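To keep things clear, I will list the structure first and then write my remarks on it.
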Amino acid sequence: MSLETIQSAVKLRGQYLISFWDSLIVASAILENANIFYSEDMQDGLIINNILQIINPFRNLNA
């Protein structure tokens with residue numbers, strides 16, 4: 001884990017009010033140029049920094 005990842009995570013935590021641990025995962029995904037992040041625990045449809053979209057892979061199973 002790089003200093004850049006940690007610094008990015010701290011910023012994301014403040015901007016999006018997500019846990020520090022979630023922000024570390026999200027920051028890592030953004031720094032690796034991911035566009036989609038699958039999570040059942042985070043807000044479905046949330047777009048972070050106009051780059052990464054959070055998708056709940058189980059959203060259609062709840063209907």
Side-chain angles (χ1 to χ4, degrees):
M1 180 149 328
S2 70
L3 179 59
E4 179 184 14
T5 304
I6 295 169
Q7 289 173 331
S8 179
V10 169
K11 288 179 186 176
L12 291 171
R13 182 178 182 215
Q15 286 177 312
Y16 295 95
L17 303 176
I18 56 179
S19 78
F20 178 71
W21 302 111
D22 284 346
S23 70
L24 277 175
I25 296 168
V26 169
S28 296
I30 289 172
L31 291 171
E32 290 299 321
N33 299 314
N35 298 102
I36 297 174
F37 182 81
Y38 294 99
S39 173
E40 65 179 311
D41 295 325
M42 296 179 70
Q43 181 183 342
D44 184 46
L46 177 65
I47 299 175
I48 298 180
N49 290 352
N50 293 318
I51 297 171
L52 184 74
Q53 182 176 11
I54 307 297
I55 295 177
N56 180 347
F58 302 112
R59 71 177 176 249
N60 292 331
L61 299 177
N62 297 329

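Because the structure is predicted, anything quoted here is derived from the model rather than measured.
- The shortest distance between side-chain heavy atoms of I48 and Q15 does not fall below 4.5 Å.
- Hydrophobic cluster membership differs between I47 and I55, with clusters built from Ile, Leu, Val, Met, Phe, Trp and Tyr side chains linked at under 4.5 angstrom.
- The cluster map of Ile, Leu, Val, Met, Phe, Trp and Tyr, joined by side-chain heavy atoms under 4.5 Å apart, puts L17 and F20 in different clusters.
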Review item, side-chain donor-acceptor pairs of residues 24-43, under 3.5 Å, at least two apart:
from	atom 1	to	atom 2	distance (Å)
S28	OG	L24	O	2.9
S39	OG	D41	N	3.1
S39	OG	M42	N	3.3

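- Closest of all the heavy-atom pairs between A9 and S23 is O-OG, 3.2 Å.
- Judged as a salt bridge (charged side-chain N to carboxylate O under 4.0 Å, His left out), not a single pair has a partner in residues 10-25 (not counting sequence neighbours).
- Legend: residues meeting side-chain contact (heavy atoms from CB on, under 4.5 Å) with Q7, ordered by chain and number and at least two apart, are L3.
- Side chain of D44 to main chain of N56: a donor-acceptor pair is present (N/O by atom type, distance under 3.5 Å, no hydrogens or angles).
- The side-chain hydrogen bond (donor to acceptor under 3.5 Å, both in side chains) test applied to T5 returns S2, not counting sequence neighbours.
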